[in-house]
Amino acid sequence: MAGGEDKKETKKAGAEAKKAGGGAKKANANGGGGGKKKEVKKETGLGLSNKKDENFGEWYSEVVVNGEMIEYYDISGCYILRPWTMSIWEIMQEFFDVEIKKMKIKNCYFPLFVSPGVLQREKDHIEGFAPEVAWVTKSGESDLEVPIAIRPTSETVMYPYYSKWIRGHRDLPLKLNQWCNVVRWEFSNPTPFIRSREFLWQEGHTAFATKAEADEEVLQILELYRRIYEEYLAIPVIKGKKSELEKFAGGLYTTSVEAFVPNTGRGIQGATSHCLGQNFAKMFEINFENDKGEKAMVWQNSWAYSTRTIGVMVMVHGDDKGLVLPPKVASVQVIVVPVPYKDADTQGIFDACTTTVNTLNDAGIRAEADFRDNYSPGWKYSHWEMKGVPLRIEIGPKDLANSQVRVVRRDNSAKIDIPMANLAEQVKDLLVTVQQNLYDVAKQKRDACVQIVRTWDEFIDALGQRKLILAPWCDEEEVEKDVKARTKGEMGACKTLCSPFDQPKLPEGALCFASGKPATKWTYWGRSY
Ligand code: 87F
């Protein structure tokens with residue numbers, strides 16, 4: 001990149017960090033309030049200065065920084081993923097990795113760099129993506145003889161080797177996955193997790209002898225993506241098929257899980273599972289001799305989910321006190337805070353905290369105590385609320401005397417006193433309850449945003465109200481393009497999110513809301529990320 005541009009980028013990153021409440025805004029390391037600033041609340045110094053319902057964008061940036069998930073970086077669109085983020089990613093990774101291994105998918109690692117030659121082989125499909133490809137052009141002071149691309153996705157990196165490795169039907173299926181980073185030099189509105197220039201993902205690339213096998217795997221993987229969202233992140237998603245316009249152009253068809261962010265009224269593609277058909281097999285000559293001794297082409301799939309999942313979680317569950325982590329992905333599920341009083345038995349309280357943590361850990365619960373002596377209990381409450389820890393246990397002199405602990409839920413602030421005697425069991429149950437409640441509340445809010453429309457006027461009305469729109473559609477590409485054009489505005493165009501697999505019955509003679517032609521399916525529409 002040229003020097004001038006470089007400076008521009010650095011400036012942009014600075015502006016981004018500022019927007020996030022400084023990026024550098026420290027969580028008040030010495031525990032003291034900073035004094036005059038509006039956002040400094042009570043003695044804690046930890047409050048958010050933006051409210052989720054009032055200023056969503058600023059709120060989001062502030063939450064991911066103050067919750068210690070992200071640190072802004074001096075390159076626009078690039079973010080530091082702090083341990084609080086990585087522990088969530090690792091939990092989801094562990095789940096998915098075990099599941100795909102059950103499906104006999106194997107992990108591998110291909111290089112980060114792509115030679116321009118192979119990238120060009122995919123040029124028809126890459127055309128629209130080309131501006132996002134980042135290139136290495138120099139080493140030290142000298143220009144590289146041939147510039148080298150950084151992978152934005154790995155089809156072109158991997159498939160030449162699929163062509164080499166697949167000879168006969170006995171080499172099939174070939175099912176590989178890699179956990180890696182990719183780079184897409186986005187230009188529009190970078191947002192931590194949601195739209196970043198480098199992100200982490202898994203990308204699966206599989207090849208089969210038959211289309212039937214490929215079709216089956218597409219849905220198996222999509223179900224794993226649904227489970228990540230619904231069972232781990234407590235976010236309801238819609239499984240469905242992308243329109244011809246919105247599918248991966250290089251593939252045959254694209255399936256996705258779609259989430260919704262009620263505050264902004266935007267849909268968000270959660271993960272995709274594509275059947276590539278034989279398009280890449282043709283391009284990369286991935287042929288094999290079938291069991292009849294004939295030459296045949298493989299059928300391929302590719303599928304991915306990324307660290308975007310974490311951004312969706314923050315947007316859906318976070319509140320005005322900060323992050324709200326679903327227990328299944330929280331690296332600390334229970335934070336134990338000693339609440340000593342002047343003349344109380346401080347050592348006794350500290351010992352009870354240690355015992356509590358040990359008891360919970362022994363029961364497989366991820367619990368920690370916050371023994372820091374330079375912060376007040378109130379500061380610690382705010383701190384761990386900001387970080388979204390699902391349960392807080394407070395132990396003070398009264399609790400000690402009564403052989404009980406006070407448990408406070410992050411999701412609804414409910415306070416429950418639990419006898420120390422059967423602590424682990426009750427905390428385990430509570431974590432399950434919190435997980436379920438987060439999902440239920442998110443689903444309620446999402447469902448309340450779904451609007452069924454039948455006419456263009458109803459559609460425009462619903463769009464104005466930031467709804468997730470379900471409409472009968474004729475499934476014609478020209479009509480979708482037309483809807484996009486007619487809804488283009490400051491907030492961005494409305495497009496199809498997916499046609500849900502779970503289709504309500506189309507009434508006899510139902511017409512497309514946009515074209516008035518006979519409708520062939522129900523489709524979700526909305527603005528999206
Ligand atoms: C950006 C630059 C260059 C998306 C890009 O979804 C190429 C691309 O091919 C590109 N952005 N895509 C589509 C990715 C398709 C597919 N790849 C494997 C997936 C799942 C994992």
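When reading the values below, keep in mind they use all heavy atoms of this one structure, side chains included, and skip hydrogens, waters and symmetry mates. Counting starts at 1 for both ligands and their atoms, following the listed order.
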Go through it in stages, so that I can follow the logic: the residues are Phe284 and Thr156, the test is side chain to side chain contact (heavy atoms under 4.5 Å, CB included), and I'd like the CA-CA distance, side-chain angles, deciding distance and then a yes or no. CA-CA 9 Å; Phe284 289 90; Thr156 57; 3.9 Å; yes
So do the side chains of Met69 and Leu323 get within less than 4.5 Å of each other, counting heavy atoms only?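 Yes, close enough: below the 4.5 Å cut-off.
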Expected output: side-chain Thr487 to main-chain Ala493 donor-acceptor under 3.5 Å: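 No, Thr487 side chain to Ala493 backbone: no donor-acceptor pair under 3.5 Å.
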Can you sort out which atoms of ligand 1 are near [X], meaning under 4.0 Å from one of its heavy atoms?
X: Phe248; value: 9 (O), 13 (C), 15 (C)
X: Ala304; value: 20 (C), 21 (C)
X: Glu132; value: 1 (C)
X: Thr272; value: 6 (O)

Decide whether a cation-pi geometry holds between Arg454 and Phe459; the criteria are a distance under 6.0 Å from NZ or CZ to the six-membered ring centre and an angle within 45° of the ring axis.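 The answer is no, since Arg454 fails at least one limit relative to Phe459.
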Has Lys328 got its NZ or CZ under 6.0 Å from the middle of the six-membered ring of Tyr232, at an angle within 45 degrees of the ring axis?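 The answer is yes; both the distance and angle limits are met.
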Atom 11 (N) of ligand 1 - nearest protein heavy atom and its distance: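 In this structure, atom 11 (N) of ligand 1 has Arg184 CZ, 3.2 Å as its nearest protein heavy atom.
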Given Met158, Glu203, Glu155, which one has a non-hydrogen atom that is nearest to atom 17 (N) of ligand 1?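 Selected option, by shortest heavy-atom distance: Glu155.
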So among Trp525, Trp473, Trp522, which one has a ring-ring contact (aromatic ring centres under 6.0 Å, His included) with Phe513?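 Option passing the ring-ring contact (aromatic ring centres under 6.0 Å, His included) with Phe513: Trp525.
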Quick check: His274 and ligand 1, any N/O pair under 3.5 Å apart?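 Among all N and O atoms of His274, at least one is under 3.5 Å from an N or O of ligand 1.
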